[in-house]
Amino acid sequence: SDVCSSDLGGQTVAVPLLTLMMPITLVVAAITVLTVASSIVHWLQDWRRIAWREIARLMPFTLLGVVGGLYLFDYFDPRILTRALGVFVILYAGFALLTASQPVAAPARILRPLGPVFSAAAGAIGTVFGSGAGPLYVIYLNSLRLEKDAFRVTITTILTFQAFVRVAGDRKSTRLN
């Protein structure tokens, strides 16, 4: 589905609930694989509408964030990561409540320089928690005022790339081996 493949709802709810029953390391790995699978279908349908210029601009920073996230994922004890996930979910819920009636819409001239910062942070957050990267990309991509389908497939492509890198990194993770 669009919601699940673009990380704007399904994963943000699923990850915290699943960590109540399973280790966060297993949940993050499973969600990453599911993200890749669900995103590929969307990407194949609308790949011609992808904003490649923005992806090329953000990807190096996303990669940097993923590498940093993989380090944090291996370095910290799963219990600390689970607590951090709880804090993240509370902060994200507060942000969602505050912006529900008035989405964040800063001018592009302000957000454009922040794109790399948002991208690196999203890469790290998505890697450590298996979800939650989408909102940072949404804030940035909204400032570009992309057409609806271009917006969806662009964010799906970014998150799919992020997930592929996470899967490759997970295979090297000491926590999962």
Would you say the side-chain atoms of Ser119 pair up with the backbone N or O of Phe61, donor to acceptor, closer than 3.5 Å? no
So if you build clusters from Ile, Leu, Val, Met, Phe, Trp, Tyr with side-chain heavy-atom gaps below 4.5 Å, do Val165 and Trp52 land together? yes
Co-membership, hydrophobic cluster, residues Met22 and Ile80, 4.5 Å side-chain: yes
My understanding is that only residues two or more places apart in sequence, or in another chain, count here; which of them pass side chain to side chain donor-acceptor pair (under 3.5 Å) with Arg83? none
With a 4.5 Å limit on heavy-atom distance, are the side chains of Thr157 and Trp47 in contact? no
Quick check on the hydrophobic clustering: are Tyr75 and Phe129 connected, directly or via other members, by side-chain heavy-atom contacts under 4.5 Å? yes
Do Leu18 and Met21 have side-chain heavy atoms sitting under 4.5 Å apart? yes
Rounded to the nearest 0.5 Å, what separates atom CD in Gln162 from atom OG1 in Thr127? 5.0 Å
Looking at Thr156, is its backbone amide N or carbonyl O close enough to the side chain of Thr160 to form a donor-acceptor pair, meaning the two atoms are under 3.5 Å apart? yes
Is any side-chain heavy atom of Leu81 closer than 4.5 Å to one of Phe73? yes
Within this structure, what is the OG1-CG distance for the pair Thr82 and Leu20, rounded to the nearest 0.5 Å? 9.5 Å
Backbone N or O of Gly123 within a donor-acceptor pair of the Thr62 side chain at under 3.5 Å? no
Just how far is it from atom OG1 of Thr154 to atom OH of Tyr140, taken to the nearest 0.5 Å? 11.0 Å
Quick check: closest heavy atoms across Pro60 and Ala56, and the distance to 0.1 Å? CD-O, 3.3 Å
Ignoring hydrogens, what is the shortest heavy-atom contact between Val153 and Arg49? Give both atom names and the distance. CG1-C, 3.8 Å
Atom CZ of Phe76 and atom CD1 of Ile24: how far apart are they, to the nearest 0.5 Å? 12.5 Å
Exercise: identify the closest heavy-atom pair between Pro116 and Leu58: N-CD2, 4.2 Å
Same cluster or not: are Leu63 and Leu136 linked, directly or through other Ile, Leu, Val, Met, Phe, Trp or Tyr residues, by side-chain heavy atoms under 4.5 angstrom apart? yes
So, do Arg109 and Ser143 sit near enough that their side-chain heavy atoms are less than 4.5 Å apart? no
Starting from Leu72, can I reach Leu64 by hopping between I/L/V/M/F/W/Y residues whose side chains sit under 4.5 Å apart? no
Would Arg112 and Glu54 pass as an ion pair if we require N to O under 4.0 Å? yes
Spacing of CZ belonging to Phe151 relative to CG belonging to Leu144, to within rounding of 0.5 Å: 9.5 Å
Atom pair CD1 (Ile55) and CD1 (Ile155), whose distance is rounded to the nearest 0.5 Å: 10.0 Å
